[in-house]
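Order of appearance sets the numbers: ligands from 1, and atoms from 1 within every ligand.
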Amino acid sequence: MTAFHTLRWVDDSLELLDQRLLPARLEYPRFTNAEAVAGAIRDLVVRGAPAIGCAAAYGIAVEARRLRGQSTGQFDAGLKQAFDVLGASRPTAVNLQWALDRMRRQLDGSAGLDNSARANVLLIAARTIADEDVRINRAMGTHGAALLPDVCCVMTHCNAGALATAGHGTALGIIRSATSAGKKIEVIVNETRPFLQGARLTAWELQQDGIPVTLIADSAAGHLMGQRSIDAVIVGADRVAANGDVANKIGTYMMAVLARRHGIPFYVACPLSTIDPDTPDGRAIPIEERSTGEVAGYGGMRWAPQDIRICNPVFDVTPAELVTALITERGVLDSPSPAGIRELLGR
Ligand code: MRU
């Protein structure tokens with residue numbers, strides 16, 4: 001168990017750990033309507049594919065609670081708007097749409113009940129999604145830990161930890177599970193420009209757990225892979241296409257190319273909810289572009305010249321051929337291929 005929670009339901013509202021303030025401050029603002037939850041997802045108060053899926057599900061639950069005293073027509077119309085605004089909050093991580101689709105099925109299935117009963121159904125559904133996420137991460141942790149040597153050094157990129165999920169984490173979940181199983185894991189954390197999820201979040205999370213961690217600039221990754229023994233790279237994913245291409249935080253593709261160059265296994269930890277059979281390959285994955293200010297500076301300080309042209313895609317696609325294996329709650333899929341993914345999904 002970590003000493004913090006990424007999200008939880010308290011006093012009829014959704015409480016989120018404001019990840020923009022970490023590691024300097026732990027603050028837990030509360031959210032009581034879908035519009036505000038969508039804003040929190042958009043502004044990266046909460047981030048990471050599974051975590052934004054859970055937050056969106058709770059966003060529907062808070063909105064249903066807020067609207068439960070209104071007429072059936074107003075309740076339905078208000079929730080339709082909530083699905084729209086939450087669905088548009090971030091484009092790349094498919095877990096967001098996956099969670100909303102699941103909530104929509106619950107809403108449709110509750111037609112005929114009164115608004116309060118429907119709001120309860122939606123709250124239970126959101127809690128179930130979050131509870132399942134933790135169980136899934138632990139299962140992935142067990143499968144992934146078995147791939148790691150008893151003493152090893154793992155590189156990771158961005159934050160795929162408890163902060164990016166309802167708890168335990170995907171890539172960091174594997175590291176946590178391996179450590180709990182008695183393996184001696186040292187972690188090299190890429191800082192992950194431009195938003196520094198590695199430096200601010202992953203380094204902090206691992207430090208809290210007492211797992212040995214070394215922070216590096218992203219640009220030091222190739223040098224370190226060549227100079228010292230890095231036994232594996234493990235990252236999370238925002239969307240895995242039907243052919244095994246993986247969208248994850250910008251810079252992941254570089255790490256995969258470097259890992260292949262140095263003969264290091266490149267593992268992607270992803271719950272099945274991150275695999276999107278409706279997206280044929282990486283070219284069809286929408287890549288989010290964020291504010292140019294994230295590249296021009298950080299935390300109110302600008303270092304780039306004024307009026308410079310800036311491009312800020314925040315995800316990239318790693319082709320399936322560079323992925324050693326996908327690690328899921330259902331097991332490990334080596335060298336992901338369309339057939340392997342279909343079989344994994346039971347299709
Ligand atoms: O922009 P972010 O911080 O939401 O990006 C997060 C990532 O890219 C993670 O690696 C991914 O969501 C997997 S989290 C288990």
Side-chain angles (χ1 to χ4, degrees), residues 2 6-7 16-20 22 38 40-56 89-99 130 133-134 136-141 144 155-177 189-205 218 233-240 246-256 266-276 285-291 294-295 312-318 323 326-329:
T2 46
T6 305
L7 71 181
L16 295 173
L17 173 57
D18 189 340
Q19 299 191 28
R20 299 167 307 177
L22 290 173
I41 294 172
R42 216 171 20 244
D43 296 343
L44 307 179
V45 172
V46 60
R47 32 67 48 205
I52 64 177
C54 295
S89 56
R90 290 194 77 189
T92 304
V94 75
N95 305 62
L96 181 72
Q97 300 305 334
W98 172 90
D133 186 52
V134 181
I136 285 168
N137 292 339
R138 290 192 182 281
M140 262 189 296
M155 179 178 281
T156 191
H157 191 69
C158 193
N159 174 269
L163 289 167
T165 63
H168 198 64
T170 61
L172 295 197
I174 291 169
I175 290 163
R176 282 199 167 95
S177 295
V189 173
N190 298 335
E191 64 175 346
T192 319
R193 276 288 290 152
F195 204 62
L196 301 171
Q197 288 92 333
R200 295 186 303 105
L201 308 178
T202 301
W204 178 76
E205 251 198 79
D218 299 336
V233 178
I234 311 180
V235 297
D238 287 84
R239 190 184 302 219
V240 177
V246 173
N248 190 50
K249 178 55 53 193
I250 193 78
T252 301
Y253 173 42
M254 288 194 307
M255 301 307 148
F266 182 85
Y267 297 121
V268 176
C270 61
L272 297 180
S273 55
T274 303
I275 303 178
D276 180 8
I285 299 176
I287 299 295
E288 180 180 7
E289 294 254 354
R290 291 190 69 86
S291 140
E294 289 182 358
V295 176
N312 186 22
V314 299
F315 296 99
D316 60 24
V317 173
T318 299
V323 176
L326 296 180
I327 301 166
T328 76
E329 66 271 35

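- Between the side chain of Thr202 and the main chain of Cys158, a donor-acceptor pair closer than 3.5 Å is present.
- One side chain, Arg47 or Gln19, offers a donor N or O that lies under 3.5 Å from an acceptor on the other.
- Residues passing the salt bridge (Lys or Arg N to Asp or Glu O under 4.0 Å) test with Arg20 are Asp18, sequence neighbours excluded.
- At a 4.0 Å heavy-atom cut-off, the residues surrounding ligand 1 are Arg47, Gly48, Ala49, Pro50, Arg90, Cys158, Asn159, Ala160, Ala164, Thr170, Gln197, Gly236, Ala237, Asp238, Asn248, Lys249, Phe315, listed by chain and number.
- Contact check for Thr92 versus Ile285: side-chain heavy atoms found under the 4.5 Å cut-off.
- The side chain to side chain contact (heavy atoms under 4.5 Å, CB included) test with Pro271 is passed by exactly one of Thr165, Asn95, Val240, Ile327: Asn95.
- Between the side chains of Thr170 and Asn137, no donor-acceptor pair of N or O atoms lies under 3.5 Å.
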